[in-house]
Amino acid sequence: MRHWLRPGLLGLHAFAVVAVGFCIVMGLWQLGAYDSRQGDAQDGARHEVVPLADVWKAGEAFTSDLKDQRVSVEGRFADDDLKVTRDDGSTWLVTPFVIGDHALLVVRGEGERAPASDATELDVVLEPSESGGRALGPERDGVRTTDAISVPALINDLPHRLYSGYGIALTDTGLPLVDPPEPDVSWTVGLRNLAYALQWWVFAAFALFMWWRMASENVAMRRAEDEAEPGFDAPVA
Amino acid sequence: MSRTLRAYQVVATLVGLNLIFVITAAVAQRTTDEFSWWNRNESLIFTIDQVHGLLFMVLLVLIAMLHTKHRWKPAFTISTMLLATIPLVTFWAERRTTHAVLARSGTAEAR
């Protein structure tokens with residue numbers, strides 16, 4: 001043990017602590033940069049609103065890159081209000097929004113009854129049609145009920161040519177808005193920073209390894225010298 | 001000349017050249033507009049940066065091997081590793097190492 005605490009080695013120990021600490025901190029800093037790039041990308045996806053016609057034409061299939069896309073739409077609400085019961089027990093109010101000769105199902109918010117809305121411009125988040133969904137129930141108080149926003153199931157019951165997805169309104173039309181899902185951001189956004197973080201930690205591990213090797217070599221050398229000192233019966237190597 | 005020393009010389013020279021490119025690119029990306037060559041070829045430069053990181057790791061391993069083989073003092077080994085991170089100085093550091101190794105083996109042979 002006393003060999004390990006020799007003054008000559010203390011400098012090496014101190015350097016090792018600084019080097020390993022520096023590499024770990026740099027790695028954490030790069031990891032932080034990775035996280036913030038991921039966050040920025042998510043904010044970007046959240047705020048980028050484009051006109052619907054720029055990304056999706058009526059009658060086209062819903063492609064995966066349309067999911068979570070923010071779009072602005074111009075038109076008017078039809079008066080076929082739907083009540084959609086959700087798995088979590090809440091109820092969404094969905095009204096077709098007529099755009100030209102097609103209509104987009106728009107989740108206006110949570111509620112049992114739709115206040116009339118004369119909104120002509122909306123911002124919505126596009127989502128793919130849900131699966132399942134039972135046939136629309138009978139009209140009660142001007143609202144019909146189902147349990148999924150399934151375009152194939154609804155298309156026969158509604159007097160509109162529907163877009164093959166639906167939108168979650170970001171614009172208030174008299175109901176408490178539904179929170180749209182968080183946009184997906186690929187883990188490769190900011191990959192550069194993640195790669196640098198990993199490299200820094202490899203360097204930290206290497207510094208630790210080199211410290212161990214240099215220090216133990218040095219200690220072994222001193223021990224051999226001690227044993228070779230006159231007055232001891234040094235074993236013949 | 002040992003194979004480890006030869007490998008060290010080659011990798012040290014590559015790392016030195018690569019480092020000049022990496023630093024130049026990093027500065028150019030921050031000082032030129034987004035349509036400059038440096039900013040249009042961001043992914044190429046990113047790849048070169050990663051290659052530099054890997055080559056530098058190889059260099060560190062080679063220095064560690066030379067350290068063991070020639071029983072270098074920790075200060076010499078550590079300074080050799082640190083000098084390999086400074087642009088242009090890397091080339092001088094490689095010469096320093098080569099001279100140190102050859103001088104040592106030269107005296108050993110003379111004995």
Side-chain angles (χ1 to χ4, degrees), chain A residues 3-23 26-27 29-31 33-34 37 41 186-225, chain B residues 4 8 11-12 15 18-19 21-23 25-30 34 38-86 90 93 97 100:
Chain A
H3 291 292
W4 283 89
L5 297 175
R6 216 166 46 76
L9 270 185
L10 288 180
L12 184 64
H13 297 334
F15 180 80
V17 170
V18 171
V20 172
F22 177 74
C23 290
M26 292 298 280
W29 169 61
Q30 287 294 337
L31 189 67
Y34 172 70
R37 271 173 197 264
S186 164
W187 70 277
T188 56
V189 172
L191 177 63
R192 164 189 312 238
N193 298 101
L194 188 63
Y196 288 154
L198 294 176
Q199 284 188 10
W200 276 115
W201 292 329
V202 170
F203 287 131
F206 184 78
L208 200 63
F209 167 75
M210 282 306 292
W211 163 78
W212 168 253
R213 189 150 165 182
M214 287 176 172
S216 57
E217 270 171 14
N218 197 294
V219 167
M221 205 172 72
R222 293 284 156 176
R223 282 215 182 104
E225 279 172 13
Chain B
T4 316
Y8 162 80
V11 176
V15 166
N18 202 338
L19 179 61
F21 179 85
V22 165
I23 299 281
V27 172
Q29 281 181 331
R30 284 161 181 74
E34 59 182 310
W38 305 102
N39 285 318
R40 279 185 288 113
N41 293 281
E42 206 171 339
S43 60
L44 171 72
I45 291 172
F46 174 60
T47 307
I48 295 174
D49 286 355
Q50 298 306 303
V51 169
H52 177 257
L54 293 173
L55 272 179
F56 185 67
M57 290 179 196
V58 172
L59 183 66
L60 290 186
V61 170
L62 287 169
I63 292 173
M65 287 167 71
L66 288 172
H67 160 85
T68 309
K69 191 168 178 179
H70 299 286
R71 298 176 160 277
W72 284 350
K73 288 197 173 74
F76 186 80
T77 307
I78 291 169
S79 60
T80 305
M81 289 176 172
L82 291 181
L83 290 173
T85 63
I86 310 172
T90 58
T97 308

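Heavy atoms only: backbone and side chains are in, while hydrogens, waters and symmetry mates are out. In what follows, chains are A, B, ... by sequence order, proteins preceding strands, each numbered from 1.
- Atom CH2 of A/Trp212 is surrounded by 12 or fewer heavy atoms from other residues, nucleotides or ligands within 6.0 Å.
- Heavy atoms closer than 4.5 Å to chain B are found in the side chain of A/Phe15, but not in its backbone.
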Counting only pairs under 3.5 Å, give me each side-chain donor-acceptor contact of residues 53-65 of chain B, with atom names and distances, residues two or more places apart or in other chains.
none

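- Contacts of B/His70 classified as side-chain contact (heavy atoms from CB on, under 4.5 Å), with partners at least two apart in sequence or in another chain: B/Leu66, B/Trp72, B/Val101.
- Within a 6.0 Å radius of CZ in A/Arg37, other residues, nucleotides and ligands contribute 12 heavy atoms or fewer.
- For the atom pair OG1 (B/Thr68) and CD (A/Glu217), the distance works out to 5.0 Å, reported to the nearest 0.5 Å.
- Atom CE of A/Met214 sits about 12.5 Å away from atom NZ of B/Lys73, to the nearest 0.5 Å.
- The distance from atom CE of A/Met210 to atom CE of B/Met81, rounded to the nearest 0.5 Å, is 4.0 Å.
- To the nearest 0.5 Å, atoms CD (B/Gln50) and CG (A/Leu191) are separated by 7.5 Å.
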